[in-house]
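Ligands are counted one by one from 1 in listed order, and the atoms in each one are counted from 1 as well.
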Amino acid sequence: MRPHRAYSPGLTGVLPWEEGYHLVEVLRARVGDRFTVFDAEREALAEVVDLGPPVRYRLLEERRPEREVGVEVVLYMALLKGDKLSEVVRGATELGATRIQPLITRHSVPKEVGEGKLRRLRAIAVEAAKQSGRLKVPEVLPPIPLEAVPKVAQGLVAHVGARTLVREALDLTKPMALAVGPEGGLAEAEVALLRERGFTPVSLGRRILRAETAALALLALCTAGEGR
Ligand code: SAM
């Protein structure tokens, strides 16, 4: 069997149904095959002991790889049209976000995320965490109105025309709250409200980025670009 990481909350020795199905039906695992299991805290080498269902495994060797940014990274992302949030959730997970909070903003075309879509976004976060070697799967929360964003210790809001650069505003020791607007941008009143809540408007360069590109660029500057 090719190398594989399976998400198994609590490392209980029993795989969740979808994980077991993937291991046995897609990867054709056999008893004795080795793979990696992980949850939010731990990662371990495991061996299949029963093909089930449910698939059972035993832990062979525990590891604690450091793959997290080191501070909380919350992405406040305006709701976007179509399936663009999927792209954001996938990339944000790879880039170390710890929480993804969709926002209903004045110019967001969609005004809600249905239960089915939320489940799919959460499944994408699990997939991306597996693929990127993370132990923590970021929370993907139901949307809230922009007005409900709390006061933050350190916030950056990507805003077209802002003068401040990310590196000028970013303090790597503090939790990060990052905000990005929808296709139609944030209204000035919304940016003003975010300022009051502790967000500094920052530029992402001279070009106008698609909202989903902007989210990943902002995250990349705060995490990957800092080697975190
Ligand atoms: N006409 C809109 C405006 O001026 O805000 C364009 C919105 S842009 C397509 C979507 C979101 O991406 C913006 O609300 C902002 O958060 C972010 N964004 C895109 N390009 C940016 C840039 N060069 N600097 C900062 N933020 C940017």
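Not counting sequence neighbours, the partners of Asp83 by the salt bridge (Lys or Arg N to Asp or Glu O under 4.0 Å) test are Arg120. A search for side chain to side chain donor-acceptor pair (under 3.5 Å) contacts involving Thr223 returns nothing, not counting sequence neighbours.
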Between ligand 1 and the protein, give all atom pairs where both partners are nitrogen or oxygen and the distance is under 3.5 Å, as lines of names plus distance to 0.1 Å.
from, atom 1, to, atom 2, distance (Å)
ligand 1, 16 (O), Ala158, O, 2.6
ligand 1, 16 (O), Gly181, N, 3.0
ligand 1, 20 (N), Leu209, N, 2.9
ligand 1, 23 (N), Gly205, O, 3.0
ligand 1, 23 (N), Arg207, O, 2.7
ligand 1, 24 (N), Leu204, N, 2.9
ligand 1, 26 (N), His159, N, 3.3

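None of Lys84, Lys81, His107, Arg210 except one satisfies the side chain to side chain donor-acceptor pair (under 3.5 Å) rule with Glu183; the exception is Lys84.
Taking every heavy atom of both residues into account, Ala29 and Val48 meet most closely at CB-CG2, 4.5 Å.
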Please set out all donor-acceptor pairs under 3.5 angstrom arising from side-chain atoms of residues 194-206, sequence neighbours excluded.
from, atom 1, to, atom 2, distance (Å)
Arg197, NH1, Glu147, O, 2.7
Arg197, NH1, Val149, O, 2.7
Ser203, OG, Gly205, N, 3.0

Test log, rule salt bridge (Lys or Arg N to Asp or Glu O under 4.0 Å), inputs Lys130 and Glu127: CA-CA 5 Å; Lys130 280 163 69 171; Glu127 263 317 300; 3.4 Å; yes
